[in-house]
Every structure is written in structure tokens, then in C-alpha cells.
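Proteins come first, then strands; the chains are lettered A, B, ... in the order of their sequence lines, and each starts at number 1. Note: hydrogens, waters and symmetry copies are ignored here, and every other heavy atom, side chains too, is used.
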Protein chains: 2
Amino acid sequence: MSNGGDHDAGGVTQLTLLDSFVGYHLRRASSRFAAGFSESVGPLGMRQVLFGILTVVHDNPGIRQGAAGEALSIQRANMVSLVNELVDRGLIERRVSEVDRRAFALALTPAGEVLVEQGLERIRVNEDALLRTLSPAEREQLVSLLSRIEG
Amino acid sequence: MSNGGDHDAGGVTQLTLLDSFVGYHLRRASSRFAAGFSESVGPLGMRQVLFGILTVVHDNPGIRQGAAGEALSIQRANMVSLVNELVDRGLIERRVSEVDRRAFALALTPAGEVLVEQGLERIRVNEDALLRTLSPAEREQLVSLLSRIEG
DNA sequence: TATTGTTATACTCTATAACTATA
DNA sequence: TATAGTTATAGAGTATAACAATA
């Protein structure tokens, strides 16, 4: 049948060009994990960025707002509303630093600690599901390769 | 010196919790590659999404707009303005499909073909730079591991 | 009825520039 | 003069719902 040169509607879409690029696969895999995060941790009212901030503050109690953003590659200007959101929800305590009155020292509240623990558990379950096709060794290798190209 | 419990300003920020998660590393690596893409291909007026569409159309001349979006996980509604942009810039030709008059058949214009070639070359250079710390075998392994967790 | 593309809309993430208060 | 945080704003990616034309 002539289809006037149109692409075969029943055919498989080719991705030859994109397939050879690492950036393309990173983009797809990352977006898949982001979707999994939304499904599993979203019901706790958490987004990836917000949870990232919580964990950094968990690991570094009293950290300055700017330093927390720096660790996560979030710009100062964008940290403001994100931290506000966490403070408003009672997950983070923000007080003026005693060593530099320009700065804020961030710490988790008890509610914040609880939410971090709940989130971690859900992320673990989610990642185990998404990575089920990889052996533990392959999974380690993936993390190792990725951390070597992060910067 | 007492700092009232504040985080040591000169200390290294810990990322213990995040570090164990694949999703976190994917997010960082992907964002690094996206920045590299912007730097190298951005001057051609290309963004990752737009270039993705061009390559899919290149690989599948006459493909329906919706099928192209599907291959890239772009929703129908969001394809409209993206394809408009490419058509307005003379990179893609959009004509009513001869086999289904509801659909558009997409194809690259000569200018689109040229831009794809230019873009591919720049992406190659960029990826070689970002992946310089990996051996060819490790690079292949990374792509292989990533494609196994994409879907 | 189902599907293709469209419009309208909203939320989030990211980026820049100009401002304030403290250092 | 430089730094920490703020405000305002704009661009881009992504998501949903309702609609018209066609199958």
C-alpha cells in the first residue's frame, strides 16, 4: 500500500542518533527516577529538591543556608523560597547564626527528622524496584561511574 | 572557639545520605550534561528537547507528531509549541499525513539536516570532554547500565 | 467512540539583576 | 569592598483538562 511517503504507522520508532549519546540516556534514566521519586515520596509532600535540602541539613546540623545550596548546586536566590517552604511546614528550624549575623543556621526539627527517615525508606524501596534488573555489583559500578563524571 | 552549635563554616559539607542513592547521582550527572549541551549546542539555538525531536524526525522521516513525542516521552500537548518552533525556524516540514488526515507527518528540511549534523558534532566533542575520565570500555558500560534502567 | 492535534493553564525548576544588612 | 540572604522577574520543562476535526 502506498502511504505517500509517510512513516510506517505500525513500525518501531528508531532512535539511532540519540542512542549513542550518554547525555540522552542520563536524561531518560534521571527522569525515570524523578517520576519514581514523585510516586513514592510525593505523597509525603516532598519533591526531590526539598528532600535534598533536608538530607544535607540532617548531615550538617547548623549549616548555613548558602552552604547547603552550594552542596546541592542550588543558587542562593532559589534557596529562599525552598527553605521558607520547609520552615513553614515545621521541618526545618532557621535561626540567625551566632558566628555571623548575616547568615542563617539551619537544623532539622523533630518532625523533619521523622520525615527524612520516612522518605529514605520510600526511596530505598523505589530504587530497589527501578534497579531490579541490575546485580548489586552492577549497581555499585553504576554509582561509581556516575560519581566520576559529576565534576 | 564556641560557635553556638553552628556548622563549622570551614568544614566540608557532608552528603552521606544522598550519596548512597542512584537517583541523586543520576540527577547530578544529567544536569552536568545538560549544562554542557547548553554551552556547546546552545549557540546553534538548540535545546535538548528540540534537538531530540530533530534527531527522531531525522531517523524516521514522515513520522507523526504524536509518535515522535511518544518516542521521547513528550506529551502531545507539549509537542505543539516545540514543533511550531522548529517549523517557524525552517528546520522541520509539517504536512498533513496522506494516510490519516488528523495527523501531521514531520520531515527535516535541508536546513534541519545541516543543523543536526552540526549539533551531533558539537555533542560528540562535549561528551568526550565530560567523559574524559572514563575509558572507552567504561563509557560503553555506563551506556549499557543506563539503558537497562530506562524502561 | 477513540484518536490527533490544539488551546489554556498551572506548577516547578532554574537563571539573572538589583537590593539590605552585616562583615 | 565583599558576603549572606532577599526580592522580582523571566524562561523553560512538564502536567492536566476540555475542545475540534477526523477515524
Side-chain angles (χ1 to χ4, degrees), chain A residues 3 6-7 9-10 24 27-28 30-39 41-42 45-53 62-88 92 94-106, chain B residues 3 6-7 9-10 13 27-28 30-39 41-42 45-53 62-88 92 94-106:
Chain A
N3 61 12
D6 284 2
H7 179 68
Y24 170 69
R27 190 172 150 88
R28 284 193 79 91
S30 175
S31 133
R32 185 121 199 280
F33 272 66
F37 186 99
S38 283
E39 275 177 41
V41 194
M46 273 294 122
R47 281 130 44 204
Q48 273 186 311
V49 199
L50 293 180
F51 196 76
I53 297 175
I63 192 174
R64 282 181 299 102
Q65 180 170 311
E70 218 173 308
L72 297 163
S73 304
I74 303 172
Q75 305 201 23
R76 274 201 312 274
N78 296 325
M79 280 294 282
V80 180
S81 63
L82 295 170
V83 171
N84 278 343
E85 208 175 324
L86 295 169
V87 170
D88 291 347
I92 274 194
R94 171 178 48 191
R95 58 176 176 60
V96 172
S97 165
E98 304 181 13
V99 292
D100 182 345
R101 288 189 344 245
R102 293 172 301 184
F104 284 141
L106 304 181
Chain B
N3 62 11
D6 283 2
H7 180 68
T13 303
R27 192 173 148 87
R28 284 194 78 92
S30 175
S31 134
R32 186 122 198 279
F33 272 67
F37 186 99
S38 284
E39 275 177 41
V41 194
M46 273 294 122
R47 282 127 49 201
Q48 273 186 312
V49 199
L50 293 180
F51 196 75
I53 297 174
I63 193 173
R64 283 180 299 103
Q65 180 171 312
E70 217 174 309
L72 296 163
S73 304
I74 303 172
Q75 305 202 23
R76 272 202 315 271
N78 296 326
M79 280 293 285
V80 180
S81 62
L82 294 170
V83 171
N84 277 343
E85 208 176 325
L86 295 169
V87 170
D88 291 347
I92 274 194
R94 172 179 47 192
R95 57 176 176 61
V96 172
S97 165
E98 304 183 13
V99 291
D100 181 345
R101 287 190 345 246
R102 293 172 300 183
F104 283 141
L106 305 181

Residues forming a side chain to side chain donor-acceptor pair (under 3.5 Å) with A:Arg94, sequence neighbours excluded:
A:Asn84
Could you tell me whether the phosphate oxygens of C:dT6, OP1 or OP2, come under 4.0 Å of any side-chain nitrogen or oxygen in B:Gln65?
yes
Can you give one letter per nucleotide of nucleotides 14-23 of chain C, going 5' to 3': B for a protein heavy atom under 4.0 Å from the base, S for sugar-phosphate only, - for none?
BBBB---BBS
side-chain contact (heavy atoms from CB on, under 4.5 Å) between A:Val41 and A:Gln48, worked out
CA-CA 9 Å; A:Val41 194; A:Gln48 273 186 311; over 6 Å; no
Starting at CE of B:Met79 and ending at C1' of D:dG13, how long is that distance when rounded to a whole Å?
14 Å
Nearest 0.5 Å please: distance from the OH atom of A:Tyr24 over to the CG atom of B:Leu72.
6.0 Å
Let me know the distance between CD of B:Glu98 and P of C:dT4, rounded to the nearest Å.
18 Å
When rounded to whole Å, the CD1 to C1' distance for the pair B:Ile53 and D:dG13 reads 12 Å
Separation of D:dA12 atom C1' from B:Met46 atom CE, nearest Å, is 14 Å
Please step through side-chain contact (heavy atoms from CB on, under 4.5 Å) for the pair A:Val49 and A:Asn78, ending with a clear verdict.
CA-CA 11 Å; A:Val49 199; A:Asn78 296 325; over 6 Å; no
Rounding to a whole Å, what distance do you find between A:Phe104:CZ and D:dT3:C1'?
14 Å
Check the distance between C:dT12's P and A:Phe51's CZ and give it to me in whole angstrom.
18 Å
Only pairs under 3.5 Å count here: list side-chain donor-acceptor contacts from residues 32-39 of chain A, not counting sequence neighbours, and write none if there are none.
from, atom 1, to, atom 2, distance (Å)
A:Arg32, NH1, B:Ile149, O, 3.2
A:Ser38, OG, A:Ala34, O, 3.4

For B:Glu70 and D:dT14, what is the distance between atoms CD and C1' respectively, to the nearest whole Å?
17 Å
Report the distance from atom CZ of B:Arg47 to atom C1' of D:dG13, rounded to the nearest whole Å.
9 Å
Step by step, would you call B:Ser97 with B:Arg64 a side chain to side chain donor-acceptor pair (under 3.5 Å)?
CA-CA 8 Å; B:Ser97 165; B:Arg64 283 180 299 103; over 6 Å; no
